[in-house]
Each structure stands twice: as C-alpha cells, then as structure tokens.
Protein chains: 2
Amino acid sequence: MSIATVSRVLNNPDLVARATSEKVQRAVRELGYRPNLFAKSLLSKRSRVIGVSLPDIHGEFYAELMHAADRRARELGYHLLVSAGAHQTDTDDATPGGSFALDLVDGLIVMLTERSRADLEAIANLNIPAAVIGCDRPGARVETITYDNILGAEQATEHLLEGTPPERCYFVGTHRGNLDSDDRARAFCDALRARGHEPEDDQVAYGEFTFEWGWDWATARMDADALAGAAVFAANDEIAVGIANAARERGLEMPRDVRLVGFDDSRICTLLRPEISSVRIPIPELASEAIDALVRRIEHPEQDPKHTRLATSLIVRDSSRIGAGA
Amino acid sequence: MSIATVSRVLNNPDLVARATSEKVQRAVRELGYRPNLFAKSLLSKRSRVIGVSLPDIHGEFYAELMHAADRRARELGYHLLVSAGAHQTDTDDATPGGSFALDLVDGLIVMLTERSRADLEAIANLNIPAAVIGCDRPGARVETITYDNILGAEQATEHLLEGTPPERCYFVGTHRGNLDSDDRARAFCDALRARGHEPEDDQVAYGEFTFEWGWDWATARMDADALAGAAVFAANDEIAVGIANAARERGLEMPRDVRLVGFDDSRICTLLRPEISSVRIPIPELASEAIDALVRRIEHPEQDPKHTRLATSLIVRDSSRIGAGA
DNA sequence: CGGGGTGATGTAATCGTTTTCATCGGTTAT
DNA sequence: ATAACCGATGAAAACGATTACATCACCCCG
C-alpha cells in the first residue's frame, strides 16, 4: 500500500479496487487513523471553519443565534469560531474581526448593530467570504441577512393605534445610531404620520437597551404628566419590562391604563403578568440563513451575493390587548 | 533573502542582523505578508484553538460563560471553537465533542450537567488536554472547575430557615441526575436535618428547569394545602419565577405569605417585583479559570491537573427578606 | 599567517496530506 | 500478433512554513 492509495480510499473510493479498499478501510479502523486536518487545510486552503463576530455575546438573543448557527453549520460540515465583543474591544479597529484569526477561517459572519462602526465596505474589503447580519445596503458586496424592523415596528404601532389615539403613543428607543432602534423609531413615526399626526418630540425617546432606562423613562413621564391612557412601544423587551414595572408601581395596570409592546419576543415576555406583547425575530432562521449564505459564498464565489430580509411578526399578548383589561 | 531568513525575522529576530531584519520587516509590511497558519500548525501541531462543548447554548448563563471565556482566551492568544448542544444531539456517542474537530483543537472545555452522560473518564480518555466545568471527582485526570452548589444551597436554606420552620420549607428541583439540582437538593435536606427535621417526601420535588414546572408545582401545592407561610428554594430562577407568578395569581404576596429563593442570579431576578433572592454563580471567573486551567494543561502537560471550586454567594432580595412584608 | 571561533545566511529536510503523472499488467480490437 | 486502451497502483511534487545543519566571511589570537 502506498500513501497515495490510502488517500484515494478516503477521498475517491471509486478510483481504487474493491479488495484494496476494504483492506485499507480495515487498517484505518484498527489503527484509529485520522487524517491530519492541518495538512489537509494547507493543501486545500480550506479549514471548514466559520468565524462569527458578534457585537457582544450577551443575553439570550446571541445565545439563540449561536445555537442555531452552530446547528446549521454542523449540518454542512463546518465549525464555528466565535469572537465575542470584537467590535467594542478593538478600540478603533474599524474592521470587525480584526483580532480574528482571519486566515484560519473560510468565511466570516458579522452581526452589526451600530451605524458608524464596521461598515459593510470594510467587511467586503477583507476579501474573505462574508455574511452580515442586521445591516444591509443595496448592492453591498457581501451577503446580508436582515430582519424586517420596519415591518415589525409598523405592525406594533398599528396595533397600538387601533385602541389609542396617535398623540398618546410613545416610542422608547436606545441611543441614536443603533440600527435596530433607528429603524423602529422611523417606522413608528411613519405610522403616526399615516394617521395624519406628526409625532411630537417627546413621543420618541432615546436611551439604552436596559431595564433601568425603561423605568426611568416611565417614571419621568409619569412625573411630567399621566401615563394613563397611553400606549408605549419599546425598542426591546428589557426596556418594556422597566416601563411595566414603573407603571405598576404607580398603580397603573396593563392593558387597562397603559398598553405596552416590546421587541425581540424574549423569554421574559411570557414570564411576566400580564404577558408582554412583542415583535418576534425569527432567530433560528436568521442564523441558519446566514450560514447558508456564507457557505454558498465560500463554495460558489462566482455567484452574486444575495440580500435576504426575514419577516418579523407581532405577538399580541395581554399587555396591549384591546379590551383585555382587568 | 532566503525564506529561512524571513522566518527567523518573524520568530527569532535576534538571530538575524539588524539591517537585514529591518529590510525584511519593511517588505513584510508592504506586501502585507501573513504567515500561513495551516503550515504553522502542520509543523507545530498546535492551532491555538480551544474547543468549547456546552450541553446547550441557551439562556444567558451560557452566553455569559462564552463571553468571559472568549475574552480570556483572546488574552492568551487562543480562539474558541464552539460546539453547542453536542451532548444531546450525539445520540449515544458518550464522548462529548464526539462530532468535534478534535484534531483541530489544542484542548477541550466541556461543561457537564448530567450525571450519566459523558463521564469524566471518557473525556480523559480522549487523550487531549481538557478542562471540565460543573463536575468534579477527586483524582480525575482532567482539570475541573466547579462552583460550590452545596455552599450556595446551604446559605439559601439557612436563610429560609431563619424565618420559617423546617417543615414549611420546600425544594423544587429539576429531574434527578442533574448534577446541579441533585447537589442543591442534598444541601437543602442536610440543612433541614441539621435543625433536627427529617425532610418529608413532599418537601423535595423533581421536575424540569422551566417556568412551567415552577408554576405547576406551586399550583398543585396550593391545591393540596396552603402555600402561605412556606419558604421555597427553587433550583433555578426560571422555576422560581413560575412559583412567584402562580403564588401571586392566588393572592399570595412575597415575602409576606411566601418566601422564595432561586439559583443563578440571572437577569430576571431584578426585573420582577419584588426582586427575587438568588444564589450567584461567578460565571466570569468560572470561564476564565477554565481557560487558564486548560491553557496550563496545554502548555505544561507534565503538571498534575488541578481541581478548582469557586464559591457561590446568596444574594438576598425582597422575595425572601424577613420583615420586608408589604 | 593560518586555525578556530563567531555571527549571519543559505540549503534542504520535514510536517501529512492531495494530486498529477508514470508505470504496468491485462484486455480488447484490428 | 500488435497496437491501443484501461483500471489500479506507486512515485514524486506540491502546499508554506520551521529548523538543524552546512557554509561562508570575518576577526582575533597565537
């Protein structure tokens, strides 16, 4: 047996005689032989490893995303190399995955949440197959997979507008520049305008993605004027919970006195009473589409990058249901 | 210039003349040369990649763990290859990380939660540097890093016993065989015995790590007899939240009517009102100790594996505070 | 002035695969 | 009977680095 024959048995079994093949196979099993991946990669320039760069592994969102991505990657024979919080730690290194073992991975999945940093172009310029989650721009030279913030926010706002006059509707977002929050704010305003109401300054607030910000906003608002009769659309569930707690503390009940919708449909929405309405992002699909897109890019670089946008959906629960008062 | 010289400039700069070195460095920068990692690994048999095998990437616990692990690994020049839910998907493949690219990683971090599967021995037999989180056994041939379930559960139980008689204390766990739940149950029982009370069968319940189970348990218990005046120690926060909600639904208030302590000190504990007492696991330290231990094992295989146990601490909040009634 | 030490660099083997090309026996077709 | 062909296998080059060893110029000293 020469090494060449062994290699053929393992890769192109039909090139080798039946008898020889079986003898080799047996030997392989008995000796527990496993081809050396480094040598393989050295030759093929492929590692079957995908790098995933997240703004911050925090909370269930990223956990779920990783979970689904890993599952799909495994199905396709790839492994996931994770890079948490690459963006913010790399001070000004505009290219996400800068600290990454770029030459170790076959491709990169990058999730973007902020407008300024880590432009799509910068990622495209890495000259490595890439798929971007959370940000798209027509004609981008990378695959993009997004969830329809506009659609979800529209649905949420419309739902609130059904039972509440436009001037009593509020949007509580995070800081300007956050891609998600900005889109949601815009859709909120547009929906109000569609009803002929130009949103006042105080109907749209900017803060952070935290419970505390939600609490503070609600408290400040109740101090300024009553929150009773209002409908609030929070840019994420944590903010929503903060608002819910602050409201309850002052004796306001949902949905009777205040109607509330969050975003992300996280676990907590169904852990509170009343349960909180929220816009669902199809995280598993998001992850699995991203993997699929990236693998397509890796294995068929000649094809043009696709731009996928997944639908979101409003899940109505008691916190905003019309007529579900206590 | 020969390639050998270049290699020396990059690895042993002192072996090469100053002038040559600078010339090479300049060329390297201008050409954007980067050594091929595969070739490097082929020779050194090192990839500087660490595999992380988790029972299931789900919820914030694992997100936080990954976050901290990645951070520490990066500091030490390693990358993380993640394998989510390896255990349960690999039907009977007793070795976790079976589906893993074992020959791609320098070492393995495995988190164990169930007794039966994926024995420490099986991991040791992989003959690859390994660190196990969540399970230890004296003399194990792998590094182990655990958090002190017994200590935390003891503190929690003692705290409950301070204001509630032992016969009105309950432990609500997950299924038998779960390492965490079992330890916590044992510590709970021992604490009761230390007060001279042998726990009744119905004082310790087994279910799942879910909100629903907590809710069901509490509801069933309230149907059987009153929960008022009881103190409940839940094996994790989700169960605790289920219990809290069920109790409130029946008009019971915490801590006046029911006192409650959870485990994990997850985000939700401070999102509910009243805030829920819980036992904190030092996740960042857990992750970073695991990485340190593994890297030690990789780089100094001659040293004996260490077994580290991190302390947990009870965080008392309003759900169980004595005299904090409404 | 020649030999040995020294510091800088080049040569070539090596790591473990894949893959091209050559070889070789054996059929088949002419 | 010979040429053409074919299927199976081996030999060797390549992938891109590291590193032991050889080489070489040079300097110092006896």
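Numbers restart at 1 for each chain; the letters A, B, ... are given by sequence-line order, proteins then strands.
By the 4.5 Å heavy-atom criterion applied to side chains, A/Arg309 and A/Thr144 are not counted as neighbours.
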Output one line per pair: protein atom, nucleotide atom from nucleotides 5-12 of chain C, and distance, for all N/O pairs under 3.5 Å.
| from | atom 1 | to | atom 2 | distance (Å) |
| --- | --- | --- | --- | --- |
| C/dT9 | OP1 | B/Thr20 | OG1 | 2.4 |
| C/dT9 | OP2 | B/Ala17 | N | 3.0 |
| C/dT9 | OP2 | B/Thr20 | OG1 | 3.2 |
| C/dG10 | OP1 | B/Met1 | N | 3.4 |
| C/dG10 | OP2 | B/Ser2 | N | 2.9 |
| C/dG10 | OP2 | B/Ser2 | OG | 3.2 |
| C/dG10 | OP2 | B/Thr5 | OG1 | 2.7 |
| C/dG10 | N7 | B/Arg8 | NH2 | 2.9 |
| C/dG10 | O6 | B/Arg8 | NH1 | 3.2 |

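The CG-P distance, from B/Asn11 to D/dG16, rounds to 17 Å in whole Å. The CG atom of B/Leu42 sits 12 Å away from the P atom of C/dT18 (whole-angstrom rounding). Between A/Lys40 atom NZ and C/dC15 atom C1' the separation is 16 Å, expressed in whole Å. Summarising the geometry, the separation between CG on A/Leu10 and C1' on C/dG16 is reported as 13 Å, rounded to the nearest angstrom.
A salt bridge links A/Arg18 and A/Glu22; the closest N-O separation between the charged side-chain nitrogens and carboxylate oxygens is under 4.0 Å.
Overall bending of the helix from C/dC1-D/dG30 to C/dT30-D/dA1, expressed as the angle between end axes built from five pairs apiece, is 70° (10° steps).
Closest contact between the side chain of B/Tyr33 and the listed nucleotides D/dA14, D/dA17, D/dG16 involves D/dA17.
A distance of 6.5 Å separates NZ of B/Lys40 from CG of B/Leu10, quoted to the nearest 0.5 Å. Annotation: the span from B/Asp264 atom CG to B/Ile283 atom CD1 amounts to 7.0 Å, rounded to 0.5 Å.
Applying the side chain to side chain donor-acceptor pair (under 3.5 Å) rule to B/Arg72 yields the partners B/Glu75, B/Asp292; only residues at least two apart in sequence or on another chain are considered.
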